[in-house]
2 protein chains.
Amino acid sequence: MVQLGRHFGGGPASLSEIAAAEDMPRAYLEQLAFVLRDAGLVTSTRGAHGGYELARAPEAIHMSEVLRALEGPLAPMICATEDDAHDACARTSNCTVNLLWVRVRDAVAGALEGVTLADLVPQRVVPVHGRTTEPTPQGALTNS
Amino acid sequence: MVQLGRHFGGGPASLSEIAAAEDMPRAYLEQLAFVLRDAGLVTSTRGAHGGYELARAPEAIHMSEVLRALEGPLAPMICATEDDAHDACARTSNCTVNLLWVRVRDAVAGALEGVTLADLVPQRVVPVHGRTTEPTPQGALTNS
DNA sequence: CTCAATCCCAAGTGATCTTGTCGGGATTGA
DNA sequence: TCAATCCCGACAAGATCACTTGGGATTGAG
């Protein structure tokens with residue numbers, strides 16, 4: 001799913017393109033794209049030559065956002081949701097394990113926060129003038 | 001599930017007791033208990049007054065072990081399993097997201113490693129003579 | 001010895017989640 | 001107008017999770 005992100009970084013792309021490149025069903029990608037759009041991570045242009053585009057530079061998109069958008073609030077367990085309405089679990093009072101989950105959750109959040117989309121874009125050799133696969137239009141892709 | 005662990009720390013307990021205390025179905029607890037036993041985390045004594053007991057002191061049992069035993073190798077995604085037979089995902093070659101999952105996995109493992117069963121046992125007031133809530137048994141919980 | 005309490009174990013069930021599929025719109029550039 | 005594209009809701013197969021069923025085997029107490 002997040003494979004989507006990889007493909008961005010270049011211009012706007014239609015779902016059909018992406019579907020072909022990732023060989024995933026187009027209809028499924030649509031679903032994900034809507035969610036990402038609602039989350040403000042991608043922008044869409046409709047009509048004949050429409051498609052999706054990143055809303056921000058890849059370096060500015062933390063994977064935590066993407067994951068939260070796609071999979072909901074990242075809680076390893078109910079009773080450790082991020083918006084602390086944490087009386088979801090009836091056992092809450094006598095359940096000390098909560099502490100564990102919260103810690104795990106924070107660890108995950110931290111790891112996710114530390115990775116941006118840019119980190120996951122495979123380096124398509126920056127164009128000196130060879131132009132092999134993909135131009136890399138604007139200043140993305142600086143770090144590993 | 002892991003609630004089991006909480007109840008140990010005292011003497012050996014029969015499943016019926018634990019089931020009553022946690023109000024969970026006894027039969028289900030059995031399943032979990034077997035797994036924990038196979039993993040060497042608890043020992044069992046059969047027969048009339050049998051029951052389960054921790055195999056080690058609570059401070060010596062990392063939650064990572066418990067979780068691994070109960071839920072299998074902790075991989076946030078297939079393609080990031082712990083035993084690095086990591087060509088489970090057909091897309092592996094062109095999939096850079098793997099890096100992300102590995103990082104998340106390590107973060108989780110770290111968090112789990114840093115918490116022992118003792119940290120999750122609600123303090124049944126250790127007999128010194130004052131202490132109400134949290135005696136912190138021995139040098140656990142030093143870091144955040 | 002007998003019996004009940006307990007652990008041992010495999011297989012099955014039902015709800016929920018994940019991963020998609022389908023079908024039909026709405027919007028836009030050519 | 002027409003085709004390409006996004007938009008959206010509802011459905012379905014498969015896996016997974018939490019739990020149940022139905023039997024054993026082992027042991028201490030009477």
Side-chain angles (χ1 to χ4, degrees), chain A residues 1-4 7-8 11-20 22-55 67 69-79 81 88-91 95 97 101, chain B residues 1-4 7-8 11-55 67 69-79 81 88-91 97 101:
Chain A
M1 323 138 159
V2 194
Q3 284 79 327
L4 254 176
H7 221 73
F8 295 124
S14 77
L15 282 182
S16 333
E17 284 179 62
I18 303 178
E22 295 292 353
D23 83 319
M24 285 182 123
R26 189 187 123 246
Y28 185 35
L29 287 180
E30 284 189 357
Q31 277 194 343
L32 304 180
F34 302 155
V35 176
L36 291 174
R37 178 175 50 85
D38 289 345
L41 291 173
V42 303
T43 59
S44 62
T45 49
R46 309 176 59 157
H49 286 154
Y52 288 95
E53 206 168 356
L54 280 188
L67 264 284
L70 291 178
E71 323 251 302
L74 28 101
M77 218 67 183
I78 192 159
C79 75
T81 59
C89 172
R91 245 181 281 274
C95 172
V97 192
W101 296 133
Chain B
M1 320 140 162
V2 193
Q3 283 80 326
L4 253 176
H7 222 72
F8 295 124
S14 76
L15 282 182
S16 333
E17 285 179 63
I18 302 179
E22 295 292 354
D23 83 320
M24 286 181 121
R26 189 188 122 245
Y28 184 36
L29 287 179
E30 285 189 357
Q31 278 191 342
L32 304 180
F34 303 155
V35 176
L36 291 174
R37 178 176 49 86
D38 288 344
L41 291 173
V42 303
T43 59
S44 62
T45 50
R46 309 175 60 158
H49 285 155
Y52 290 95
E53 205 169 356
L54 280 188
L67 264 285
L70 291 178
E71 322 250 301
L74 28 99
M77 218 66 182
I78 192 162
C79 75
T81 58
C89 172
R91 245 182 280 275
V97 192
W101 296 133

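The model shown is predicted, which means the values in this text are computed figures rather than measured ones. Chain A is the first sequence line, chain B the second, and so forth, proteins listed ahead of strands; every chain is numbered from 1.
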Using the test side-chain contact (heavy atoms from CB on, under 4.5 Å), find all partners of B:Glu71 that sit at least two apart in sequence or belong to another chain.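 Checked B:Glu71 against side-chain contact (heavy atoms from CB on, under 4.5 Å); matches are B:Met1, B:Leu67.
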By side-chain contact (heavy atoms from CB on, under 4.5 Å) - contacts of A:Glu30 (at least two apart):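 A:Glu30: side-chain contact (heavy atoms from CB on, under 4.5 Å) contacts with A:Leu15, A:Arg26, A:Phe34.
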Ignoring backbone atoms, test whether B:Arg37 places a side-chain nitrogen or oxygen under 4.0 Å from the OP1 or OP2 oxygen of C:dC8.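 Checking B:Arg37 against C:dC8: at least one side-chain N or O falls below 4.0 Å of OP1 or OP2.
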Side-chain N,O (A:Arg26) to OP1/OP2 (D:dC7) below 4.0 Å: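 Checking A:Arg26 against D:dC7: no side-chain N or O falls below 4.0 Å of OP1 or OP2.
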When you measure from the side chain of B:Tyr28, which nucleotide among D:dT27, D:dC19, C:dC9 comes out closest?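 Shortest atom-to-atom distance from the side chain points to D:dC19.
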Please pick, from D:dC6, C:dG29, C:dC8, the nucleotide with the shortest atom-to-atom distance to any side-chain atom of B:Tyr52.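 Comparing D:dC6, C:dG29, C:dC8 against the side chain of B:Tyr52, the answer is C:dC8.
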To the nearest Å, how far apart are [X] [atom1] and [N] [atom2]?
X	N	atom1	atom2	result
A:Asp23	C:dT19	CG	C1'	15 Å
B:Leu29	C:dC7	CG	C1'	13 Å
A:Glu53	D:dT5	CD	C1'	15 Å
B:Leu15	C:dC8	CG	P	9 Å
A:His49	C:dT27	NE2	C1'	14 Å
B:Leu36	C:dC9	CG	P	14 Å
B:Met24	D:dA18	CE	C1'	8 Å

Strand-adjacent residues in residues 40-47 of chain A, judged by heavy atoms under 4.0 Å from DNA chain C: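 DNA chain C contact set from residues 40-47 of chain A: A:Arg46, A:Gly47.
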Which residue, B:Asp38 or B:Met77, contacts DNA chain C at a nucleotide closer to its 5' end, judged by nearest heavy atom?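 So the residue in question is B:Asp38.
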For residues 35-52 of chain A, please give each side-chain donor-acceptor pair under 3.5 Å, one per line with the distance, not counting sequence neighbours.
residue, atom, partner, partner atom, Å
A:Thr45, OG1, A:Gly51, N, 3.4

Any protein N or O atoms within reach of nucleotides 10-12 of chain C? Criterion: under 3.5 Å, listing atom names and distances.
residue, atom, partner, partner atom, Å
C:dA11, N6, B:Gln31, NE2, 2.9

Output field dot_bracket for DNA chain C (Watson-Crick or G-U, both distances under 3.5 Å, | for other-strand pairs) contains ||||||||||||||||||||||||||||||
